[in-house]
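Per chain, numbering begins at 1; letters A, B, ... match sequence-line order. Everything numeric here is computed off the predicted structure, so don't read it as measured data.
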Amino acid sequence: MEIRNEEAPKKSLNFIEAMVEQDLKEGKNGGRIQTRFPPEPNGYLHIGHAKAICLDFGIARNYGGVCNLRFDDTNPVKEDVEYVDSIQEDIQWLGYQWKNVYYASDYFQQLWNLAVKLIKEGKAYVDEQSAETIAQQKGTPTIPGIESPFRNRPVEENLALFEKMNSGEVADGAMVLRAKIDMASSNMHFRDPIMYRVITKHPHHRTGEKWKAYPMYDYAHGQSDYFEGVTHSLCTLEFEVHRPLYDWFVSQFADSDYRPRQTEFNRLNLTYTVMSKRKMLQLVQEKLVKGWDDPRMPTICGLRRRGYTPEAIHNFIDKIGYTKYDGMNDIGLLEYSARETLNKTAQRVNAVINPVKLIITNYPEDKVEMMETENNPEDPNTGTRQIPFSRELYIEHEDFMEDAPKKYFRMTPGQEVRLKSAYIVKCTGCAKDADGNVTEVYCEYDSQTKSGMPESNRKVKGTLHWVSAAHALKAEVRLYDRLFSVENPSADDRDFRDLLNPDSLKVLTECYVEPSLASAKALEHFQFQRIGYFTVDPDTKEGKLIFNRTVSLKDSWAKEQKK
RNA sequence: UGUCUUAUGGUGUAAUGGUAGCACUACAGAUUCUGGAUCUGUCUGUCUAGGUUCGAAUCCUAGUAAGACAACCA
């Protein structure tokens, strides 16, 4: 173990890991490490959440700590149980298990009691002004705010009104509880932040009608961390300005030396996609995509259906790291991460997605040979399988050209190519319809060049994949591409819906795949040789195979052609 | 004309006062029964100006640029 540590190049730590190691070294919090992943159950998790999940759960896992799942459900207007289930499913799919599931709503009584304590200490008051008035009085970052006329009302009055806020006697929006801090603070969050508001029109998804006054994030979050014993409260950069308030609230109530500490890291920004909840919801509601799990969506369920594996996502997250720099990550790196991961694990299969018939004119009409082929050349342990070969095959339309340019190594009259795992064939011509479209391609095979035979070592520039026409299974193939046609749709002045990539989905219904795929199961991963990585769509039914393209293979021929 | 934060190749990230490295991308070559993968090489970088120091990407000061904050959202 020690030897290996010396030999392995020391992986550099990100600033949060470094902080955790330092805290551990100093024996802070008794050597305890506790994190939490705190989603609001108001939507589906996306790849940005995955970044946070990997950090929250990863820190706990790597440093002998625990990570809990806490639903931050302090606003019943937006939340729903529907999301609670999908969030749990996605976290587990990513390979993590929380120690406990908590809900901020479990702490409503404790939070209430602490709020009462604050009122009694003269540090909180009930404000009866309208939202607009309060906003106006808040001032601006450069102009100090003005104090509410209700700021100095007697404690007893505050207590009585606070009770009323929760009894149903107060209408939504009529009163709020505010912390009495500093209306002139340079930090806007200190200008008497709202701690409680009244919500009577939406029952809470867990507490029902019990509460009418609900705590706000800034008040509830830090306290929840404190109640649970969180040591490292990790969140994204936009909460940086909230940290002083987080600390202020905790310091009002802490009754021990222990303090949770908030640390912020950069959120994930990806090119060619949007991750705001509002925009994703719009895409779904306006049917610009087929649902939250549309394979073009950056949601975890979308990526899963697209064919991304948890390993591919971890691979990506490892590459982008955690810093305090708010940059833009290239979605190409996510795609590369998928290729790199799937290359090692995906079974190779033959699939022709744009078929044209190839007839081997000198091959016996009723002969069928079983050809042995590797399941994955990257992993010899996966062994081989047999695929049927016959006189009539399908090959890709792009693999034949009557008048081929230089460096075209595929099927063209007079040129030899290898049919993968089978024979070397020489193209002899083609047939065309009235419009000049190629309908059939002809070739002759060399019987001495079957894979494994000495003659087959002959150098041939091109190798083509194929399926036997009589044996192949028909399949639908959905080719997915980037959802948007511009790098950063969020920074564009135009409506983001006008920036959608019109070619983000192409459905091919006349595809042929090798017979072994008859038993393919939903979400199984394959490499269609020379084409890309594909997964079986869950819509697949008996007799109707559907494949989703996760990502294409790198195509250096396409690149060559562009020159 | 506020507070907080950030700034390293095209992109993302390392170097924790001591040789600016890694990955992606791009380009070139080797190899290959996937124009995939693999291997080799090349191009490209410390925001600016001062200061501290034997020595600064790193520390200090100022500037510049970018982001966050003025929801009864989280």
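- Contact annotation: side chain of A/Glu264 to base of B/U5, donor-acceptor pair absent below 3.5 Å.
- Of the C1' atoms belonging to B/A28 and B/A66, the separation is 37 Å, rounded to the nearest Å.
- The A/Lys138 side chain lies nearest to B/C72 when the options are B/A74, B/U34, B/C72.
- Contact annotation for A/Pro38: no contact, since no heavy-atom pair falls under 4.0 Å across all strands.
- With hydrogens and angles ignored, a donor-acceptor pair under 3.5 angstrom links the side chain of A/Glu378 to the base of B/G36.
- For the OP1/OP2 pair of B/C27 and a distance below 4.0 Å, the side-chain nitrogens and oxygens of A/Lys559 include at least one atom meeting the criterion.
- Rounding to whole angstrom units, CD1 of residue A/Ile194 and C1' of B/A70 are separated by 12 Å.
- No donor-acceptor contact under 3.5 angstrom links the side chains of A/Gln448 and A/Asp446, judged on distance only.
- OP1 or OP2 of B/A74 sits under 4.0 Å from a side-chain N or O of A/Thr74.
- Between the side chains of A/Arg36 and A/Asn68, no donor-acceptor pair of N or O atoms lies under 3.5 Å.
- Here the P atom of nucleotide B/A66 and the CG atom of A/Asp326 are 13 Å apart, to the nearest Å.
- Residue-level contact check: A/Phe15 touches neither bases nor backbone, having no heavy atom under 4.0 Å from any strand.
- OP1 or OP2 of B/A74 sits under 4.0 Å from a side-chain N or O of A/Arg197.
- If you check B/A30 for Watson-Crick or wobble pairing at under 3.5 angstrom, you find it paired to B/U38.
- Not one side-chain nitrogen or oxygen of A/Thr271 sits closer than 4.0 Å to the OP1 or OP2 atom of B/U11.
- Residue A/Tyr217 places no side-chain N or O under 4.0 Å from the OP1 or OP2 atom of B/C73.
- Using a 4.0 Å heavy-atom distance criterion, A/Ser556 is classed as a sugar-phosphate-only contact.
- Side-chain contact check for A/Glu335 and A/Tyr533: no donor-acceptor pair (N or O, by modelled atom type) lies under 3.5 Å.
- In this structure, B/U8 forms no base pair with any nucleotide, since neither Watson-Crick nor G-U wobble geometry is met with both distances under 3.5 Å.
- Where stacking is scored as ring centres under 5.5 Å apart with planes under 30°, A/Phe409 registers as stacked on the base of B/G35.
- When the C1' atom is used for both B/U13 and B/A57, the distance is 14 Å, rounded to whole Å.
- Among the heavy atoms of the strands lying under 4.0 Å from A/Gln129 is at least one base atom, whether or not backbone atoms are also near.
- Distance A/Ile387 CD1 to B/U34 P: 13 Å, rounded to the nearest Å.
- Rounded to an integer number of Å, the gap from A/His242 NE2 to B/U3 C1' is 13 Å.
- When Watson-Crick and G-U wobble pairs are counted only if both distances are under 3.5 Å, B/G45 pairs with no nucleotide at all.
- Distance, A/Phe249 CZ to B/A74 P: 12 Å, rounded to whole Å.
- A gap of 22 Å separates the P atoms of B/U38 and B/C43, to the nearest Å.
- Here A/Lys324 lies in heavy-atom contact (under 4.0 Å) with sugar-phosphate atoms only.
- When the C1' atom is compared between B/A15 and B/A20, the two are found 7 Å apart, to the nearest whole Å.
- For the P atoms, the distance linking B/A23 with B/C39 amounts to 10 Å, nearest Å.
- Put simply, the side chain of A/His189 and the base of B/A68 share no donor and acceptor less than 3.5 Å apart.
- For a distance-only test at 3.5 Å, the side chain of A/Arg339 fails to qualify as a donor-acceptor partner of the base of B/G36.
- When the C1' atom is compared between B/C27 and B/A68, the two are found 39 Å apart, to the nearest whole Å.
- OP1 or OP2 of B/U13 sits under 4.0 Å from a side-chain N or O of A/Asn266.
- Listed nucleotides: B/C69, B/G12, B/G35. Nearest to the side chain of A/Tyr408: B/G35.
- If you check every strand for non-hydrogen atoms under 4.0 Å, A/Gly452 touches a base.
- Nucleotide B/U52 is matched to nothing when pairs are restricted to Watson-Crick or G-U wobble geometry with both distances under 3.5 angstrom.
- Salt bridge A/Lys324/A/Glu264: present, at least one basic N to carboxylate O contact under 4.0 Å.
- Judged by distance alone, the side chains of A/Tyr44 and A/Glu82 do bring a donor and an acceptor atom under 3.5 Å apart.
- In this structure, A/Tyr214 reaches neither bases nor backbone, as no heavy-atom distance under 4.0 Å exists between it and the strands shown.
- Here the separation of B/U44 from B/U11, taken at their P atoms, is 16 Å to the nearest Å.
- In the model, A/Thr384 has a side-chain atom that pairs as donor or acceptor with a side-chain atom of A/Glu372 under 3.5 Å.
- Test A/Met411, A/Gln415, A/Arg418 against A/Val425 for side chain to side chain contact (heavy atoms under 4.5 Å, CB included) and you get one pass: A/Met411.
- Residue A/Thr323 is classed as a sugar-phosphate contact, given heavy-atom separations below 4.0 Å to backbone atoms only.
- As the counterpart of B/A70, no nucleotide is assigned, since no Watson-Crick or G-U wobble pattern has both distances under 3.5 Å.
- A/Ser185 and A/Arg191 share no side-chain donor-acceptor pair at under 3.5 Å.
- When the C1' atom is used for both B/G2 and B/U42, the distance is 49 Å, rounded to whole Å.
- In this structure, A/Gln347 places its CD atom 16 Å from C1' of B/G36, rounding to the nearest Å.
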